[in-house]
Undergrad: 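Here it is: the structure, laid out below.
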Amino acid sequence: MKEDTANELLDLATALYERMIAQQQAKVLRLAREAVPNIGPEEMRNPHDFPQLKEHPSFEFEDGILAGLISAHMALRAEIKGRLPATPPGA
């Protein structure tokens, strides 16, 4: 894969994943606030601190989708970057 093509693909994929991740983060926060009304985005990163979230019927499922999207984004970036020729330091 040529570097220009790879960078173009990365830009397209990054924009798509960022939109999908932002949408899912908003959904997860909305669901979390159904169980814990004053929870913030930072607190949501440690859902085990809030037993009410364990009891919510769909929070863990949607949070898992969010984690999957983030993982898929990183995996795609690593795969594309790994196929590019190594750039010597300082080049």
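Values in this document were obtained by computation on a predicted structure and should not be read as measured data.
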Undergrad: Is L53 reachable from F61 through a run of hydrophobic residues whose side-chain heavy atoms are each under 4.5 Å from the next?
TA: yes
Undergrad: Can you sort out the partners of E79 under salt bridge (Lys or Arg N to Asp or Glu O under 4.0 Å), two or more places apart, ordered by chain and number?
TA: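 Testing E79 for salt bridge (Lys or Arg N to Asp or Glu O under 4.0 Å), a comparison that skips the adjacent residues, returns R83.
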Undergrad: So, taking the atom named CD in E60 and the one named CD in E55, what distance separates them when rounded to the nearest 0.5 Å?
TA: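 Reported value, rounded in 0.5 Å steps: 10.5 Å.
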Undergrad: For Q23, does the CD atom sit with more than 12 other heavy atoms under 6.0 Å from it, leaving out its own atoms?
TA: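 Check fails, neighbour count at 12 or below.
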Undergrad: Rounded to the nearest 0.5 Å, what separates atom OG1 in T5 from atom CG in L10?
TA: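 It is 11.0 Å, given to the nearest 0.5 Å.
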Undergrad: Return the minimal non-hydrogen interatomic distance between P47 and M44, and the atom names on each side.
TA: CD-O, 3.1 Å
Undergrad: For residues 28-37, tabulate all N or O donor-acceptor pairs below 3.5 Å that involve a side-chain atom, not counting sequence neighbours.
TA:
{"unit_1": "R33", "atom_1": "NE", "unit_2": "I39", "atom_2": "O", "d": "2.9"}
{"unit_1": "R33", "atom_1": "NH2", "unit_2": "I39", "atom_2": "O", "d": "3.2"}
{"unit_1": "E34", "atom_1": "OE1", "unit_2": "H56", "atom_2": "NE2", "d": "2.8"}

Undergrad: What donor-acceptor contacts under 3.5 angstrom involve side-chain atoms of residues 62-78, with partners at least two apart or in another chain?
TA:
{"unit_1": "E62", "atom_1": "OE1", "unit_2": "Q24", "atom_2": "NE2", "d": "2.7"}
{"unit_1": "E62", "atom_1": "OE2", "unit_2": "K27", "atom_2": "NZ", "d": "3.3"}
{"unit_1": "S71", "atom_1": "OG", "unit_2": "A67", "atom_2": "O", "d": "3.0"}
{"unit_1": "R77", "atom_1": "NH1", "unit_2": "T14", "atom_2": "OG1", "d": "3.3"}

